[in-house]
2 protein chains.
Amino acid sequence: MKTRDRIVLEARRLYNRRGYGNVSSAVLAEHLGISEGNLWYHFKTRRAILSAISERFAVDIEKRLSRLPAAGADIVDEYGDLLQALIWEFQEYRFLYRDQSEYGGHDEIVQRGVRGWIERTQQQFQLYYRAFASAGLLDWEEDRLADLAINATIILRYGLDHYREMGASIEEGGGAIRSTLLRHLTLFEHKMLPDAVERLKRSIERIADAGLPEEIAA
Amino acid sequence: MKTRDRIVLEARRLYNRRGYGNVSSAVLAEHLGISEGNLWYHFKTRRAILSAISERFAVDIEKRLSRLPAAGADIVDEYGDLLQALIWEFQEYRFLYRDQSEYGGHDEIVQRGVRGWIERTQQQFQLYYRAFASAGLLDWEEDRLADLAINATIILRYGLDHYREMGASIEEGGGAIRSTLLRHLTLFEHKMLPDAVERLKRSIERIADAGLPEEIAA
DNA sequence: CTATTTTTAGGGTGATAACCCTATTTTTGA
DNA sequence: TCAAAAATAGGGTTATCACCCTAAAAATAG
């Protein structure tokens, strides 16, 4: 892999693990096994590294947002896939979700996009819930679907932080991931067909057991 | 006010506004109109200031946790008071809720207490919801009360961040506060007596209009 | 094979951070 | 009232930060 790409990858991992503000260029270069001079050759400023990561972030978000419930496919499976993609995104870009969200820390591309991404994520989830309802799997009034989607995305997004703060270890089977996914399920499982709920729970176990991206675990 | 107390107060305000990591001792001293040497006379280390703030935090949390639904009183009003106290707490100690929650940044007293505080807050809300149900104001199954309480506290806690990220201005009537409080209401208002819902909404307007603590607004 | 470009290492720099030290002023208590 | 204690100011120290500069090594192109 080219040095530039290695920098972007490892910087993101270090930022996720230690926090953006706690990773100096010296530490990053040391971690990469390259000289600091070399690091500054590839990126003129520290913010430029953040920019490169943010660009990838924007691309990955758009890819995830493009997952829509397909007509012929199994809606429960597809929802499970969406959950997996979302959790993955939260983990891979954890430091962006945490450290940068205030005090003007975001890169411009994120600053511009974040509001739309949140809204579109809510709409995306609403489409899935409406598909659940249409398929007879979920008993939910149409005019309360938007609230369900908003509440679900809030809990999914902040659940990981919440359970980590409660002391859930990130290792050992991803307790925080499992808890977060089960937590969002409590919003609507009592109105869902038991069979569909069971399948979702199995999806959740798969996601929680899938193992974490290495940049978090270490 | 004694210099020491002024330091603790103004440090908290600056941390809330700019983030803990973005407030140096020089900036803090300048803001206080005292010399840096004087600052170090009152607090030997930067962490000592954090400790002092954290101690007050612990005291304030315990005071808020002691608010329980009284037998004779009006439960709707009391719940509104609890919401107000909770929102206040989130605002007054915003930087603790945001900046310190990971990467080992917390003071020991917070580190030790946080898990219990979260659990007790959930239990506290559950008591209120049970009281709502007992009073015939809320139609909710007993064995789903805990889930409601957990989901409500998660949304209350992270709602402010969420709506700020969505672009809600903190000034001009506290859009984020109003949105967050209304958001948590969507979890159960459809199962609540319209009359009680109306009263809660009026409470929410009062809280949102109450004006923000000055350390946030500026 | 050689000239050119790209990549790398590493010493240097100025700013800023937390924190120390000491002299001076202010407050306090008998 | 006056000596001891508390409070304050401000210069000094050391470490670390992002970032610069230059020379050498490596890759590449003709």
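Lettering follows sequence order; numbering is per chain, from 1.
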Q) What does D/dC17 pair with, Watson-Crick or G-U, if both distances are under 3.5 Å? A) C/dG14

Q.
Going by purine N1 to pyrimidine N3 plus the second Watson-Crick contact, or the G-U wobble pair, all under 3.5 Å, which nucleotide sits opposite D/dG30?
A. C/dC1

Q.
Any side-chain to backbone donor/acceptor pair from B/T180 onto B/L160? Under 3.5 Å, distance only.
A. yes

Q | Sidechain-backbone polar pair: B/R12 side chain, B/I53 backbone, donor-acceptor under 3.5 Å | A |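 No, because the side chain of B/R12 does not come within donor-acceptor range (under 3.5 Å) of the backbone of B/I53.
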
Q: Answer yes if the ring centres of B/F95 and B/F57 are under 6.0 angstrom apart, and no otherwise.
A: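 They do not qualify: ring centres at least 6.0 Å apart.
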
Interatomic distance, [X] [atom1] vs [N] [atom2] [rounded to whole Å]:
X	N	atom1	atom2	value
A/N22	D/dT16	CG	P	14 Å
A/F43	D/dC20	CZ	P	15 Å
B/R47	C/dC19	CZ	C1'	16 Å
B/R18	C/dA17	CZ	P	11 Å
B/L50	C/dA18	CG	P	13 Å
A/L39	D/dC17	CG	C1'	13 Å

**Q.** Residue pair A/R94, A/D99: steps toward the salt bridge (charged side-chain N to carboxylate O under 4.0 Å, His left out) verdict
**A.** CA-CA 8 Å; A/R94 173 153 182 248; A/D99 308 347; over 6 Å; no

Q | Along DNA chain D (nearest heavy atom to each residue), the more 5'-positioned of A/A26 and A/K44 | A |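 Its nucleotide being nearer the 5' end, the pick is A/A26.
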
(Q) Using a 4.0 Å heavy-atom cut-off to protein, can you give one letter per nucleotide of nucleotides 3-11 of chain C, 5' to 3': B if the base is in contact, S if only the sugar-phosphate is, - if neither? (A) ---SBBBB-

Q. Of all the nucleotides listed (C/dC19, C/dA17, D/dC19), which has the minimum atom distance to the side chain of A/W40?
A. D/dC19

Q | Residues, nucleotides or ligands: over 12 heavy atoms within 6.0 Å of B/R56 CZ | A |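 No - once you tally the heavy atoms of other residues, nucleotides and ligands closer than 6.0 Å, there are 12 at most.
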
Q) In terms of heavy-atom contacts, does CD of A/E30 have more than 12 from other residues, nucleotides or ligands at under 6.0 Å? A)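 Counting neighbours around CD of A/E30, 12 or fewer heavy atoms of other residues, nucleotides or ligands fall under 6.0 Å, so no.
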
